[in-house]
Engineer: 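Before I ask anything, here is the structure I am working with.
Chain letters run A, B, ... following the sequence lines, proteins first, then strands; residues in each count from 1.
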Protein chains: 2
Amino acid sequence: MERESRLAGTVRPGGRTAKVRAAVLQATQDELVERGFDGLGMDQVAARAGVGKTTVYRRWGTAARLVTDLMTELAEQSAPPPDTGGIDDALRANALSVLGAVNDPRLGATFQAVIAAATCNEEAATALRAFYTRRIAEWAEVVDAAVGRGELPEGTDGPELIRAVSAPLYYRLVVTREPVDEVVAERAAARALAAARAGAFIGAPGG
Amino acid sequence: MERESRLAGTVRPGGRTAKVRAAVLQATQDELVERGFDGLGMDQVAARAGVGKTTVYRRWGTAARLVTDLMTELAEQSAPPPDTGGIDDALRANALSVLGAVNDPRLGATFQAVIAAATCNEEAATALRAFYTRRIAEWAEVVDAAVGRGELPEGTDGPELIRAVSAPLYYRLVVTREPVDEVVAERAAARALAAARAGAFIGAPGG
DNA sequence: GGCCAAACGGGACTCTCGTTCCATTAATTC
DNA sequence: GAATTAATGGAACGAGAGTCCCGTTTGGCC
């Protein structure tokens, strides 16, 4: 059953409603760190936030929506890519920023939760895709600039190259569940760069 | 609460127990295709399999275990890598075999379910990791053979190269949820190969 | 074929999750 | 600051998932 909820776009911003939202999202993240996504109960979130469970159900409805709202909140706080330095530094910076996010206790737990929510909830999946589309587009500009400076072959597909940097990291995180450290991150950046320099990213229609 | 269940290693193989297991796993896969992992109910699986729900709870306990058992069953039916042809054909074959699995209606739904189960269940995660560890090791032998024939630089890390081929596919499947087709698969293989030829896979301690 | 152990099946039971109702509190408007 | 509207909170309710009990069926073994 679909429930009309405003989430971010509240009718009366600033005031009790905003306080409730902040408290609930905070409590959600705390619970994710301690119990993970499958252990996330609306009851416990409400109790932890000092809020009635009716309110949580009314405004979010499901655990997946709770996590989705938390992600969009955190997404607005992330830093933009740098526009200085060579492309090798930029790709390394990209890999390391992913690394920093997934290895941070709070962010990492949230990350895992969002991916878990996306695997069984279409709305969460859409939000996750939108987040990465924007993030990839931002970093792709850095690639375009590098192409303009002659650091990479003409026609190099920026979004594809950025995806190629983070793909190995997420593959380890989600599929094989191997630990991800600086060595893995830097190698991912180096390998993508090597393929790009060899012209392997030329001619792909961007997404 | 932990429940002792045998799953694959049944005390009395062949007979009623085996029939029940086959029927339940079949029903599980059918339900996954129709409803996905989050819509998987033990009741419905039991009913569909023509089996008492008590039996399903007794032997599997949770939906995650059901899916895990299904995966280990399917894992034993998968084809080994070819040992003929050049490394470029082999990597392409690897990417296309992943593609075939995730795009097959039944296998694809099961795949998604296993990953979903792994994100919120440690046992499923362990089974998934074990599956990929074995799969990667099998294909890494093909890489080693290519190194022996001089097709790739000495010291190329086989497991890492194989991971690099499938990583972009799973990244799309799980994280960005973009469609995965032959073009994407072949590009993934080509890019990994380009990086390998450039020596970007030399010197990584294998996993 | 008869005995025993193990697995299965049905039904009742409990408990958790999610919903509904309504009184209360806070924010906006005049 | 009084009226109005929207959001909150508590409590009771109902549905569904998971558990338990015990009688029945099946397969192994002599």
Engineer: Please compare A:Lys19 and A:Gly41 by the position of their nearest nucleotide in DNA chain C and report the one closer to 5'.
Structural biologist: A:Gly41
Engineer: Is A:Thr133 reaching over with its side chain to a backbone N or O of A:Arg129, donor-acceptor style, under 3.5 angstrom?
Structural biologist: yes
Engineer: Between C:dG18 atom C1' and A:Trp60 atom CH2, what is the distance in whole Å?
Structural biologist: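 Rounding to the nearest Å, CH2 of A:Trp60 and C1' of C:dG18 are 16 Å apart.
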Engineer: Of all the choices, D:dT8, C:dC8, D:dG18, which nucleotide is nearest to the side chain of B:Arg59 once you look at every atom?
Structural biologist: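 That would be C:dC8.
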Engineer: Taking the minimum atom-to-atom distance to the side chain of B:Arg58, which one of C:dT25, C:dC8, D:dG18 wins?
Structural biologist: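 Closest nucleotide among those given: C:dC8.
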Engineer: Could you state the atom-to-atom distance from CE of B:Met42 to C1' of D:dC20 in whole Å?
Structural biologist: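 Atom CE in B:Met42 sits about 16 Å away from atom C1' in D:dC20.
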Engineer: Is a salt bridge present between A:Arg59 and A:Asp69, judged by a nitrogen-to-oxygen distance below 4.0 Å?
Structural biologist: no
Engineer: Judged by atom type as modelled, is there a donor-acceptor pair below 3.5 Å linking the side chain of B:Asn94 to the main-chain atoms of B:Ser166?
Structural biologist: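 Judged by distance alone, no pair lies under 3.5 Å.
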Engineer: With distance as the sole test, does A:Arg191 use its side chain to make a donor-acceptor pair with the main-chain N or O of B:Ala196 at under 3.5 Å?
Structural biologist: no
Engineer: Compare side-chain N and O positions of A:Tyr57 against OP1 and OP2 of C:dG18 and report whether any pair is under 4.0 Å apart.
Structural biologist: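 True: A:Tyr57 side-chain N/O within range (under 4.0 Å) of C:dG18 OP1/OP2.
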Engineer: Starting from C1' on D:dA17, measure out to CG on B:Asp38 and report it in whole angstrom.
Structural biologist: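 Checked: the CG to C1' distance equals 15 Å.
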Engineer: Can you say whether a donor on the side chain of A:Lys53 sits under 3.5 Å from an acceptor on the base of C:dG18, or the other way round?
Structural biologist: yes
Engineer: Could you give the CG-to-C1' distance, from A:Asp43 to C:dG18, as a whole number of Å?
Structural biologist: 9 Å
Engineer: Give the rounded distance in Å between these two atoms: CZ of A:Arg65 and P of C:dG18.
Structural biologist: 13 Å
Engineer: More 5' along DNA chain D: B:Gln44 or A:Thr54, using each one's nearest nucleotide?
Structural biologist: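 Nearer the 5' end of the strand: A:Thr54.
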Engineer: Starting at atom CZ of A:Arg16, determine the distance to atom P of C:dT25, rounded to an integer number of angstrom.
Structural biologist: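 That distance rounds to 10 Å.
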Engineer: Take the protein atom CG of A:Leu66 and the nucleotide atom P of C:dG18, then report the distance between them rounded to whole Å.
Structural biologist: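 Distance check: A:Leu66 CG to C:dG18 P gives 11 Å.
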